[in-house]
Amino acid sequence: MPAMSQSQTAAGSAQPARVAAFDEMNGSGGLREAYAGIDQWLKGTTQEALDRKRREAEVLFRRIGVTFAVYTEGGDPERLIPFDVIPRVLTRSEWDRMAKGLSQRTRALNAFLCDIYRDREILRAGKLPEALILQNEAFRAEMQGFTPPAGIYSHISGIDMVRTGPDEFYVLEDNCRTPSGVSYMLENREAMLRLFPELFARHNIAPVGHYPEELLETLKSVAPPNCPGDPTVAILTPGAFNSAYYEHCFLADEMGIEVVEGIDLFVDDAVVYMRTTSGPKRVDVIYRRIDDEYIDPLTFKPDSLLGVAGLIGAYRAGNVTVCNAPGAGIADDKSVYPYVPEMVRFYLGEEPILSNVPTYLCERPDECKYVLEHIGELVVKLTRGSGGYGMLVGPHSTAAQREEFAARIRARPADYIAQPTLALSTCPTLVAAGIAPRHVDLRPFVLSGKEVRIVPGGLTRVALTEGSLVVNSSQGGGTKDTWVIDDMPAGSEK
Amino acid sequence: MLSRTAENLFWLGRYTERAANVARGLQVAHRLHSLSRTFGGAEDEWRGLLVASGCDAGFYAQHDNASPEAVTHYLVRDPSNLSGIVPCFEAARQNGRAVRTALTVEMWEALNDTWIELRRLPPDVLEADRLTTFLDWVKSRTLLFNGAAIDTMLRDDAWRFVHLGTMLERADNTARLLDVRHQWLQPRNGTGGAVEYAHWQAVLRSVSALRAYQWVYHSRLQPRLIAELMILRPELPRSLRACFARVEQTLEAIANNHGGTRLECHRLAGELHAQLRYGRIDAIMEQGVHEYLTLLIDRTIELGTQIGAGYLSG
């Protein structure tokens, strides 16, 4: 094996053991304590009863309108993401450690973003290759020399975590642009509370329902310097055809703010206004759920109809704050990912609490060679890919698929990275044949403003196909409610 | 209009509204009960719900303890509790039946279908995991009845007495709901911990106003603002001010239709509305929310009595 990128080895991220997947309920040595209450409940519940609940949950989600559109498919344009009724449980101490690590990591990512668009100290220190940043598609030259309020670029970060053992957690990827899924975290909890009230009465589950308030506080805390008073916040959506439109409306409603489209906004004298029935109303903070390229046709794609002409000018003038900031994507680029542990050391002077998954950069000839030789064991990812598209899971691939990927890697090595195939942990999941282990990941949401706030839990995604490691909703993944419970949980109840 | 007809219509409005209010209260209590591991004991919750529904005396005459099961049964289907959901709909239907011709077909059908469904209510409907669906259905039946009345009734005295009943009942309910949780609204409790927060949410949920709060204030839950929203804000349809505005307006319309004669109920309604219209939340908080609401609940009862004396008992 060639030496992996320097930052990697230095990160101390050990190569995960390639053993059978760790089951979060049954572990390797029998039932784990955190799941004692779930175990009791499952033993006392018939398969028919669970199936009935699953159907009830579907009716509920349809009625509320929690749907997800998948662009590439025909058929139902308003699809439900499958919801699994068996919750995923983390103990308070597992969570506390992870939360500390998440907070640390997002602070480093934001420090990196501020630095990279201003002084570039990290490049001058030689910790990261300059070309990787400056020639990256996600790098926004327009942001150079600008410092956003509170020095935050990524206000809402979704850090995808995977687990391979009782104490082994890894960051799979960072999402610093417009991470979605938080509405599922909240609606899943509401659905569970409705379907299984007696299960809640037996556990002390950390609440997540205050997320929208925390989000609003976060957004208000980064109001622009010229904000005239209590900041007016709005969500900018691409519109009703966007796959996450439900989430945009849900969050707006929970926070009591307007959900606007590009045509509802205009810029006059570098100030952003909404068009309202009582005339123009000034907007101070925009939580945008539109990609960078589309938010301002004057700065980015000139043919974009989704954005607002002059928005970036207003931003730079200190009259509006755009969340997440344009250019934040450079921090979650898959080729930058291997350097995040180094960012933690460089900016915070701390050792990273969360480990990275070891990563091979195909643009390095020796690592590329290793990847091509071991393609059958590795997960190969497109550096710019997301949503599980453009990905090869070596052990689950056909010879033809491997050939195809190898050819693509040879043609454009810089576009690919590879990681060992992790044995993602499994959780008991309700499937056609009964209750069976399925692989899961976790996306906690980290809010960064004047302070860092994390609601305990996150969105657990589950690969519903047996043996599959791809949890993305666009690839048929489902979701689960995620519980953070006390370390001395159920079983001790009255 | 016959006094008896007016009385039936007035109580038709009150009973349909009461059924939905009890349903909302039960949903909130069960929610807090489920979360009691996280937020601490919920025993007070059940007692509070009985007090808010005006059912505490009747309940404790039969039971020693307010267990979730006993309270739920008492508030849903116990025939001896006239403020329970099933008896409310039965009473509403009886009142409606007595004045069939004063109701539109749509109102009658909404009422009658509900009653038919309730007669074949399955025995397990009160089980924790079924209850929410049932209570949602109850709320939707009252929404349907109210919608039918608003959409199809002539705006004559029949409409006015139904509406008067609905609004007076709603005002009474909001005041009681807020009052049983007044200790959570005291400034000294305003520390904003998770427990307080859960109770503040519960207050708002019980009048379906959690999101309305965000739309009005755009800020974190604060006891002072919750009290203001539920007592003084005219935009919230279940606030005391909004309810008493409708009560006064409706009584005025009735007076105008009766040769302009105004009675004690008009004076009282006008006084209550004016007090809410010009009231300030800081003064109410200083006086004490409980003291303020106790007085207001008493006046509301008195207003009901005066409406009865003026129009309903001939």
Side-chain angles (χ1 to χ4, degrees), chain A residues 37 41 45 49-50 52-53 56-57 59-60 63 85 189-210 212-217 219-220 230-234 249-258 284-285 456 483-486 489-490 492-494, chain B residues 26-43 45-46 67-69 72 124 126-137 140 192-202 204-205 208-222 225 229 235-236:
Chain A
W41 165 64
T45 311
L50 288 176
R52 199 186 70 230
K53 291 294 183 185
E56 274 180 44
V59 171
L60 195 65
R63 205 174 81 189
V85 296
R189 177 63 56 83
E190 284 300 312
M192 285 300 286
L193 188 52
R194 193 184 160 106
L195 296 171
F196 305 105
E198 70 287 0
L199 197 52
F200 278 77
R202 279 195 270 169
H203 289 89
N204 182 357
I205 306 159
V208 292
H210 54 296
E213 293 216 2
E214 301 287 350
L215 175 59
L216 186 59
E217 291 282 314
L219 294 170
K220 282 183 172 182
D230 187 28
T232 299
V233 186
C249 297
F250 172 86
L251 289 173
D253 198 17
E254 287 273 330
M255 293 189 281
I257 66 174
E258 296 292 345
D284 305 297
V285 181
W483 292 1
V484 174
I485 63 167
D486 289 348
S492 57
E493 71 263 16
K494 52 195 179 251
Chain B
L26 270 170
Q27 279 185 327
V28 172
H30 274 274
R31 185 187 175 88
L32 277 178
H33 178 72
S34 297
L35 298 175
S36 59
R37 279 249 153 192
T38 310
F39 296 122
E43 300 80 29
E45 203 45 46
W46 300 104
S67 72
E69 296 76 19
T72 303
D124 63 354
L126 299 188
E127 286 184 12
D129 62 335
R130 305 240 158 152
L131 189 66
T132 310
T133 307
F134 168 70
L135 296 173
D136 272 348
W137 175 80
S140 75
V195 179
E196 281 84 1
Y197 204 80
H199 281 271
W200 296 340
Q201 280 195 330
L204 291 168
R205 267 181 215 282
S208 306
L210 194 52
R211 287 188 175 180
Y213 178 95
Q214 288 301 335
W215 281 105
V216 172
Y217 296 110
H218 307 287
S219 90
R220 276 179 182 275
L221 300 190
Q222 294 170 34
L225 297 182
L229 180 68
E235 318 82 312
L236 185 76

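Please read all numbers here as calculations on a predicted model, not as lab measurements. Computed over heavy atoms, backbone and side chain alike; hydrogens, waters and symmetry mates excluded. Lettering follows sequence order; numbering is per chain, from 1.
Here A:E254 is the residue among A:E254, A:H210, A:K53 with the most heavy-atom pairs under 4.5 Å with chain B.
A 4.5 Å side-chain heavy-atom check between B:D129 and A:E56 finds every atom pair outside the cut-off. Side chains of A:L193 and B:L35 form a contact here, defined as non-hydrogen atoms less than 4.5 Å apart.
Between A:I257 and B:W215 the shortest heavy-atom distance is O-CH2, 2.9 Å. In plain terms, the two heavy atoms of A:K220 and B:H218 that are nearest each other are NZ-O, 2.6 Å. Between A:P197 and B:A128 the shortest heavy-atom distance is CG-O, 3.4 Å.
In this structure A:E213 satisfies the side-chain contact (heavy atoms from CB on, under 4.5 Å) test together with B:Y197, B:Q214, B:R220, B:L221, sequence neighbours excluded. Take A:T45 and apply the side-chain contact (heavy atoms from CB on, under 4.5 Å) test, not counting sequence neighbours, and it matches A:W41, A:A49, A:L50.
If you measure heavy-atom distances from A:E258 to chain B, the contacts under 4.5 Å come from both the backbone and the side chain. Interface residue A:L216: only side-chain heavy atoms are found under 4.5 Å from chain B.
Atom CD of B:Q27 is separated from atom CZ of A:R194 by 7.0 Å, given to the nearest 0.5 angstrom. Atom OG of B:S219 is separated from atom CD of A:E217 by 7.5 Å, given to the nearest 0.5 angstrom. Note: B:H30 NE2 to A:F200 CZ = 15.5 Å, rounded to the nearest 0.5 Å.
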